There are 2 protein chains.
Amino acid sequence: MSPKEEESKNRKAEILEAAAALFAESGYYKTTTADVARAVGVTQPYVFHFFKSKEQLYLAVLDNAYEKILHAFNTAEAPPEQLPEAMGKAFADLLATHRNEILLVMMSYATPEDAVRQKCQERFDTVYERVKSRFEQAGIPDAAGRARDFIGQGMIISLAETLNLPKLLPWHGKLGPDCD
Amino acid sequence: MSPKEEESKNRKAEILEAAAALFAESGYYKTTTADVARAVGVTQPYVFHFFKSKEQLYLAVLDNAYEKILHAFNTAEAPPEQLPEAMGKAFADLLATHRNEILLVMMSYATPEDAVRQKCQERFDTVYERVKSRFEQAGIPDAAGRARDFIGQGMIISLAETLNLPKLLPWHGKLGPDCD
DNA sequence: TAGTATTTATTGATCTATAAATAAAAAGGA
DNA sequence: TCCTTTTTATTTATAGATCAATAAATACTA
């Protein structure tokens with residue numbers, strides 16, 4: 001497939017991808033639909049052919065990102081005692097491969113748009129319930145508390161990444177294989 | 001002091017207070033200088049007589065809020081074994097009495113303005129170092145890790161409050177004195 | 001009257017969203 | 001195959017709204 005064909009294969013997917021990067025870096029308000037269009041190489045009004053508003057575009061991006069997180073937590077496998085660790089690693093891997101989307105999810109609760117808040121509330125609840133339920137299945141005591149701490153850990157990792165404060169990363173100071 | 005005198009006693013302080021509430025509720029971008037002015041009862045351009053830009057106003061509000069948090073963590077006193085708990089309570093008290101400012105601090109790292117990011121980085125670092133240092137003085141093992149978890153707890157509390165997800169509050173399910 | 005507090009008027013920039021126009025591609029019939 | 005019609009992809013032009021910020025004018029107070 002030629003680059004040109006590749007490019008025009010699925011404009012909607014291209015827009016979603018570019019928007020994810022831009023929203024993650026510059027947030028909902030500071031990212032303009034013109035920025036997204038420019039990144040893809042189309043004109044600004046054309047974005048509205050695929051998404052009826054900037055808000056709908058943002059929500060679509062956010063939804064994709066939450067799906068990735070849920071999938072990672074659903075598929076992480078390990079013997080019961082090591083489950084939290086394995087899920088933590090799944091999160092760290094996702095952060096490495098899809099940094100934009102992960103940080104977007106972890107920051108979106110601070111976006112004061114009703115529709116965004118609603119989605120964050122619903123999806124964060126789902127993530128929490130999923131983590132708790134997997135911890136329960138693994139026979140981990142105080143699964144609710146552990147799930148809470150697990151999410152807290154995710155938040156502080158995102159904070160550390162966003163503000164460039166490596167001190168706050170849980171793996172700070174420790175070295176592992178392939179540590180840079 | 002008459003209401004009129006009271007009102008005009010310190011316009012700058014009034015503006016800071018109104019701005020704190022508005023910024024906390026609606027964030028940096030969605031809060032306009034006209035909103036702040038209206039809340040105080042002055043005209044929009046007059047805000048610029050006290051703060052040379054909207055950004056400077058926001059930074060001033062943010063600074064006040066960080067000061068309150070630092071003060072609370074500095075002054076919390078307890079026997080060494082109970083220090084983390086006492087500092088957690090100090091945070092919870094602050095959240096109850098100055099909800100706006102606390103939530104503002106915990107969400108501001110998601111505001112993609114260079115000056116805001118810089119302040120958050122510097123101040124979050126200060127808070128972390130202070131907590132860690134107090135934990136060390138109290139002879140708590142792995143003070144760095146405990147300080148990290150402490151901040152993570154604060155983040156998840158703020159998330160739970162912002163998104164209205166009481167499940168995620170550490171004190172969820174437990175009852176204490178005067179629990180509502 | 002001097003000085004301080006505050007307002008009116010306004011500019012210029014930015015951004016989402018709509019509507020109409022055009023170009024390109026695909027389909028259909030002779 | 002060549003011409004015509006229809007559909008799809010994309011652009012140009014622009015409306016309409018909002019906002020931060022400046023400058024000049026005015027009201028208030030001592």
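Lettering of chains follows the sequences in order, A, B, ..., and the numbering in each one begins at 1. Note that the structure is predicted; figures quoted are calculated from it, not measured.
Considering only side-chain atoms of Lys54(B), the nucleotide from dT12(D), dA21(D), dA17(C) that sits closest is dA21(D). Side-chain atoms of Pro45(B) lie closest to dA21(D) of the nucleotides dT6(C), dA21(D), dA13(D). Among the nucleotides dT16(C), dT10(D), dA20(D), the one closest to the side chain of Arg11(A) is dT10(D). Closest approach to the His49(A) side chain among dT16(C), dT10(D), dA20(D) is made by dT10(D) (side chain taken as heavy atoms from C-beta onward).
Atom-to-atom, NZ of Lys30(A) to C1' of dC19(D) comes out at 16 Å; the value is rounded to the nearest Å. Tyr29(B) has its OH atom 20 Å from the P atom of dT18(D), to the nearest Å. Ile15(A) places its CD1 atom 15 Å from the C1' atom of dT16(C), with the value rounded to the nearest Å. Rounded to an integer number of Å, the gap from CZ of Phe50(B) to C1' of dT7(C) is 13 Å. In this entry the distance linking CZ of Phe48(B) with P of dA21(D) reads 4 Å, nearest Å. Here dA15(D) presents its C1' atom at 13 Å from CD of Gln44(A), a figure rounded to the nearest Å. In this structure, Arg38(A) atom CZ and dT16(C) atom P are separated by 11 Å, rounded to whole Å. Rounded to whole Å, atom C1' of dC15(C) lies 16 Å from atom CD of Glu55(A).
Figure legend: Lys132(A) and Phe150(A) shown without cation-pi pairing, the cationic atom not lying both under 6.0 angstrom from the six-membered ring centre and within 45 degrees of its axis.
Distances shown here put a side-chain N or O of Thr33(A) below 4.0 Å from the OP1 or OP2 atom of dT16(C). Within the 4.0 Å cut-off from OP1 or OP2 of dT11(D), not a single side-chain nitrogen or oxygen of Tyr46(A) is found.
Under a cut-off of 6.0 angstrom, the local environment of CD in Glu67(B) is crowded, with over 12 non-hydrogen atoms contributed by other residues, nucleotides or ligands.
Taking for each of Thr32(A) and Lys52(A) the nucleotide of DNA chain C with the nearest heavy atom, the 5'-most of the two is the partner of Thr32(A).
Met107(B) CE to Leu104(B) CG: the interatomic distance, rounded to the nearest 0.5 Å, is 6.5 Å.
Nearest approach of Arg123(B) to Leu70(B), heavy atoms of both residues: NH1-CD1, 3.8 Å.
Side chain of Asp35(B) to main chain of Thr32(B): a donor-acceptor pair is present (N/O by atom type, distance under 3.5 Å, no hydrogens or angles).
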